[in-house]
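Following: one structure in structure tokens, then a few remarks.
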Amino acid sequence: MNRTFAKFFTYLGHPLFVVFYGLVFLMWLNPFAFGARHFTDKSALVLLAMVFAQTVLIPGAGVMLLKPLGFIQSIEMEDKQERIVPYIILGIFYLWLFKNLMSLGQTPALFNQFVLGATIGLFLVFFFNIFTKISAHAAGMGGLVAAGIFTATEWAGSSGNIPFFGGTVSVSINFLLAAMILLAGLVGVSRLSLGAHTPQDLYRGYLAGIFSQVVAAFLL
């Protein structure tokens with residue numbers, strides 16, 4: 001893969017964005033499940049801003065500060081030992097978000113389940129990272145694909161389509177899942193192209209992400 005495209009998909013599939021992607025995806029599919037009439041309603045935008053702040057903006061700023069403080073050599077964190085502190089930081093914010101969502105009770109079970117799965121996946125990656133290298137990008141994409149499968153199972157109608165924009169239009173389940181799997185594959189290939197991971201690192205990551213979402217589904 002061309003290095004420019006590889007970097008693009010690496011940034012696009014960064015683990016920091018996965019929970020936010022999940023929220024955008026579910027809210028786009030069914031804003032009514034979030035108590036909004038439309039994706040751009042004020043209540044929907046407030047939730048999007050809150051989740052973006054808690055899972056991207058604040059933890060991202062925290063990770064950026066680690067470089068001048070000497071905890072990491074580069075933002076790419078090629079050394080697996082450098083990833084320990086960032087994983088802890090992100091894990092704390094994921095747990096905080098999950099606690100807030102459960103306390104407020106204004107988000108659908110599918111999103112709460114996805115956040116819990118992402119949290120479990122992050123700590124699973126943290127655990128594996130102590131002993132071996134694992135792709136956090138692949139774990140995030142694996143979790144997103146698993147979430148897509150759960151969404152297709154629970155929200156799809158008898159026609160095999162998932163409604164978008166509260167039912168204005170619909171899209172085939174097969175098309176939706178194929179697009180997610182394609183994205184997950186492109187992110188994985190980009191990590192290989194950049195020499196950041198081996199195929200084994202990716203396999204461990206994908207399995208960790210999928211497994212974590214399955215565990216979350218059983219727990220909730």
Side-chain angles (χ1 to χ4, degrees), residues 8-34 36 38-39 44 47-48 51-52 54-56 90 94 97-98 101-102 107-125 134-191 202-220:
F8 170 76
F9 284 111
T10 287
Y11 292 132
L12 183 67
H14 197 282
L16 273 178
F17 298 119
V18 170
V19 170
F20 183 69
Y21 287 161
L23 175 60
V24 171
F25 170 66
L26 291 174
M27 191 178 287
W28 189 23
L29 285 179
N30 189 1
F32 299 113
F34 293 85
H38 196 271
F39 185 78
L47 179 60
L48 285 167
V51 172
F52 184 81
Q54 288 187 224
T55 63
V56 180
L90 191 56
Y94 276 19
L97 174 63
F98 178 69
L101 293 175
M102 295 301 287
T107 48
L110 264 178
F111 181 61
N112 298 341
Q113 174 184 308
F114 177 60
V115 174
L116 178 60
T119 305
I120 295 171
L122 183 64
F123 282 107
L124 196 58
V125 168
I134 183 172
S135 173
H137 281 74
M141 290 295 102
L144 201 59
V145 169
I149 294 172
F150 283 123
T151 302
T153 302
E154 295 189 30
W155 282 6
S158 58
S159 64
N161 294 330
I162 295 183
F164 271 69
F165 301 109
T168 306
V169 295
S170 61
V171 65
S172 166
I173 294 173
N174 294 332
F175 173 80
L176 188 63
L177 293 180
M180 285 188 165
I181 293 170
L182 176 61
L183 176 61
L186 287 171
V187 171
V189 170
S190 71
R191 301 302 287 160
L202 294 177
Y203 299 149
R204 284 190 284 265
Y206 287 131
L207 288 174
I210 294 170
F211 174 77
S212 300
Q213 291 297 328
V214 172
V215 171
F218 277 107
L219 290 176
L220 293 182

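Computed from a predicted structure; not experimentally measured.
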Applying ring pair (Phe, Tyr, Trp, His ring centres under 6.0 Å) to F20 and not counting sequence neighbours gives F52
Taking the side chain as C-beta and beyond, is there a heavy-atom pair between V187 and L12 under 4.5 Å? no
Are the side chain of S135 and the backbone N or O of L202 linked by a donor-acceptor pair below 3.5 Å? no
Note to self: Taking the side chain as everything from C-beta on, heavy atoms only, tell me whether N112 gets closer than 4.5 Å to L116.
What the structure shows: no
The reported gap from CG in L101 to CG in L47 (rounded to nearest 0.5 angstrom) is 7.0 Å
Tightest non-hydrogen contact, residues V56 and F17, listed as CG1-CE2, 3.6 Å
Separation between CZ (F123) and OG (S212), nearest 0.5 Å, reads 11.5 Å
Dump the intermediate steps for side chain to side chain contact (heavy atoms under 4.5 Å, CB included) on V18 and M141, then the final yes or no.
-> CA-CA 7 Å; V18 170; M141 290 295 102; 4.2 Å; yes
For A44 and A36 the tightest heavy-atom approach is CB-CB, 4.0 Å
Would you indicate whether Y203, at its atom OH, is surrounded by more than 12 heavy atoms from other residues, nucleotides or ligands within a distance under 6.0 Å?
-> no
For the backbone of T10 and the side chain of H137, can you confirm whether one donor and one acceptor N or O come within less than 3.5 Å of each other?
yes
Taken to the nearest 0.5 Å, the spacing of L124 CG from F211 CZ works out to 7.0 Å
P108 and A33 have their tightest heavy-atom pair at CD-O, 3.5 Å
Between the CG atom in L16 and the CG atom in L90, the distance rounded to the nearest 0.5 Å is 5.5 Å
Note to self: Looking at Q213 and F114, would you say the former's side chain and the latter's main chain have a donor-acceptor pair under 3.5 Å?
What the structure shows: yes
Between I210 and G142 the two heavy atoms that sit nearest each other are CG1-O, 3.4 Å
Q. Side-chain contact, heavy-atom cut-off 4.5 Å: Q54 with V19?
A. no
Does a side-chain heavy-atom distance below 4.5 Å link V189 with F9?
no
Validation row: M180, F25 side chains within 4.5 angstrom (heavy atoms): yes
| task | Measure the shortest side-chain to side-chain distance between L219 and I120 over non-hydrogen atoms and say whether it is less than 4.5 angstrom. | result | yes
When rounded to the nearest 0.5 Å, the distance separating OG1 of T55 from CG of L23 is 8.5 Å
Heavy-atom nearest pair, F150 first then A217, reads CZ-CB, 3.7 Å
Residues I134 and A208: closest non-hydrogen pair is CD1-CB, 4.2 Å
**Request:** Would you sort out whether L177 and V145 count as a side chain to side chain contact (heavy atoms under 4.5 Å, CB included), showing the intermediate values?
**Result:** CA-CA 7 Å; L177 293 180; V145 169; 5.7 Å; no
Next item on the list: State whether the side chain of Y206 and the backbone N or O of A184 hold a donor-acceptor pair below 3.5 Å, judged by distance alone.
Entry: yes
